[in-house]
Amino acid sequence: MILVTGGAGFIGANFVLDWLATCGEPVVNLDKLTYAGNLENLASLARDAGHVFVRGDIGDGAAVARLLATHQPRAVVNFAAESHVDRSIHGPGDFIQTNIVGTFHLLEAVRAYWGGLAAPEQAAFRFLHVSTDEVYGSLGPGDAAFTETHRYQPNSPYSASKAASDHLVRAYHHTYGLPVLTTNCSNNYGPYHFPEKLIPLMIVNALAGKPLPVYGDGMQVRDWLYVKDHCSAIRRVLEAGRLGEVYNVGGWNEMPNIDIVNAVCRLLDELRPRADGQSYRTQISYVADRPGHDRRYAIDARKLEQELGWKPAETFESGIRKTVLWYLEHPQWVAHVQTGAYRDWVKTHYAA
Ligand code: NAD
Ligand code: DAU
């Protein structure tokens, strides 16, 4: 089996669902269930013996050590993190604690476990660290996309904390020989995305008749990838990535934020037109910019494509349509997130 951390969050939950659907290998899912952890994302697995959910903190070394000793995973995939840039600006403490200190304790527990394995299991073991393109900093309009050798230049407390965790992972390979892999991915979107992030926020605000807040001039560029393509990239890197290597993951899909917001409005105009016949675009509202806002990210994913033969399955057009449809078809998930009722799910469905 494999141990997944942060598997109740947006990408982690998509990964666990896809993992069990594609290969069926059991998953132990360690998640602290912060505000971003939502067991409703995994509701379809509530009676699946292949999924063992454990509420806990990657920073609790003793608990992680017990989990590793009990379940003897052949790999650890680390999604657990504080992930929202705006929250890191308002309160960086949790980001330092989980993303840096937590990753350190997780690595220590994994190193001790790995060190005690027999030689064949040791050789087969993998620690895959899920990271972000934000560690590379911000690009100018004409700059080449980030490659894996781009210098680290994080600009927000979030990206600085992820950069620190990447460095720890790298150091554990070089110093102790821990068999690590790191992926640095661009902006994800898709089902189960918490509506504090741009795309789901625009969808749920539009449907609720609320303003669609666009930071600054809306011309910041992000490189968007459908979440299930990120999950397939992680599976491929876990399967065939070279030890100690870093793989950038991206969809070659750079777009300014305002174009993203307009695309969401266009789809909603088509799929759920407003009662007054006006476009959802009339709800767009330019607001104060994010402090230190990175202007542009772009991922060069050639290493992953050429070395490991990975390719995204979705274009932005197909992925954003699936995403908007998913939100329209899951009003209860949205309502539970908005009212906070999703936090009761653990009590009612996972009491044992
Ligand atoms: P998320 O915020 O939706 O989910 C994070 C999950 O981690 C939650 O379930 C939360 O409860 C859990 N968690 C937080 N602190 C924990 C701790 N101390 N111990 C155990 N669990 C803890 O985040 P996401 O968007 O799914 O991102 C997952 C990972 O992917 C993160 O490492 C993030 O940096 C990285 N990433 C995200 C994106 C993106 O666009 N969302 C892009 C590239 C990389
Ligand atoms: O690049 C990968 C990163 O993408 C991940 O590492 C992060 O975990 C993930 O949250 C995401 O970070 P961003 O800051 O790019 O995502 P966010 O959805 O918060 O914002 C996307 C862009 O939209 C960004 O330029 C800020 C802007 N924005 C965001 C919100 C929430 C708005 O204009 N209005 C908004 O209300």
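Just so you know, ligand 1 is whichever comes first in the structure, and atom 1 is the first atom listed for that ligand.
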Knowing that exactly one of Trp252, Trp224, Tyr189 qualifies, which makes a ring pair (Phe, Tyr, Trp, His ring centres under 6.0 Å) with Phe316?
Tyr189
What is the closest protein heavy atom to [atom], and at what distance does it sit?
atom: atom 13 (P) of ligand 2; answer: Glu134 OE2, 3.4 Å
atom: atom 7 (C) of ligand 2; answer: Ser83 O, 3.4 Å
atom: atom 20 (O) of ligand 2; answer: Arg290 NH2, 3.8 Å
atom: atom 4 (O) of ligand 2; answer: Asn187 ND2, 3.1 Å
atom: atom 34 (N) of ligand 2; answer: Pro213 O, 2.8 Å

Going by distance alone, is a donor N or O of one side chain under 3.5 Å from an acceptor N or O of the other, for [X] and [Y]?
X: Asp166; Y: Thr182; answer: no
X: Asn155; Y: Asp294; answer: yes
X: Ser279; Y: Thr282; answer: no

For Ile199, the option from Val261, Asn188, Ile260 that meets side-chain contact (heavy atoms from CB on, under 4.5 Å):
Ile260
Quick test of your reading of the structure: of [options], whose heavy atom lies closest to [atom]?
atom: atom 33 (O) of ligand 2; options: Phe194, Phe10, Tyr215; value: Tyr215
atom: atom 18 (O) of ligand 2; options: Leu198, Val221, Asn184; value: Leu198
atom: atom 31 (C) of ligand 2; options: Met219, Arg295, Glu196; value: Glu196

Heavy-atom closest pair (Ala109 atom, Ala65 atom, distance to 0.1 Å) is CB-N, 4.1 Å
May I ask you to check whether Ser186 has an N/O atom sitting below 3.5 Å from an N/O atom of ligand 2?
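Checking ligand 2 against Ser186, no N or O pair falls under 3.5 Å apart.
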Would you say the side chain of [Y] lies within less than 4.5 Å of the side chain of [X], judging by non-hydrogen atoms?
X: Glu307; Y: Tyr247; answer: yes
X: Glu245; Y: Glu148; answer: no
X: Pro211; Y: Gln283; answer: no

As an exercise, identify every atom of ligand 2 less than 4.0 angstrom from a heavy atom of [X].
X: Leu201; answer: 36 (O)
X: Thr132; answer: 1 (O), 2 (C), 3 (C), 5 (C), 6 (O)
X: His84; answer: 19 (O)
X: Tyr158; answer: 5 (C), 6 (O), 7 (C), 8 (O)
X: His293; answer: 24 (C), 25 (O), 26 (C)
X: Val214; answer: 33 (O)
X: Asp133; answer: 1 (O), 2 (C)

Is it the case that the side chain of Asn253 and the backbone of Asp223 share a donor-acceptor pair, with hydrogens and angles ignored and the cut-off at 3.5 Å?
no
How does [X] reach ligand 2, by side chain, by backbone, by both or by neither, if only non-hydrogen atoms under 4.0 Å count?
X: Asn257; value: side chain
X: Lys197; value: both
X: Val85; value: side chain

As a test of reading the model: which residues have a non-hydrogen atom less than 4.0 Å away from ligand 1?
Gly6, Ala8, Gly9, Phe10, Ile11, Asp31, Lys32, Leu33, Thr34, Ala36, Gly37, Gly56, Asp57, Ile58, Phe79, Ala80, Ala81, Ser83, Thr98, Val130, Ser131, Thr132, Tyr158, Lys162, Cys185, Ser186, Asn187, Asn188
Please confirm whether Arg87 makes a cation-pi placement over Tyr35, using NZ or CZ under 6.0 Å from the six-membered ring centre and within 45° of the ring normal.
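Positive - Arg87 is close enough to the ring of Tyr35 and near enough to its axis.
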SB check Lys322 Glu314 (cutoff 4.0 Å)
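So Lys322 pairs with Glu314 through a salt bridge.
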Which word best sums up how the rings of Tyr215 and His293 line up, parallel for under 30°, tilted for 30 to 60°, or perpendicular for over 60°?
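Rings of Tyr215 and His293: perpendicular, over 60°.
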Partners of Arg274 by salt bridge (Lys or Arg N to Asp or Glu O under 4.0 Å), sequence neighbours excluded?
Asp276
Can you check whether His167 and Tyr152 have ring centres sitting under 6.0 Å from each other?
yes
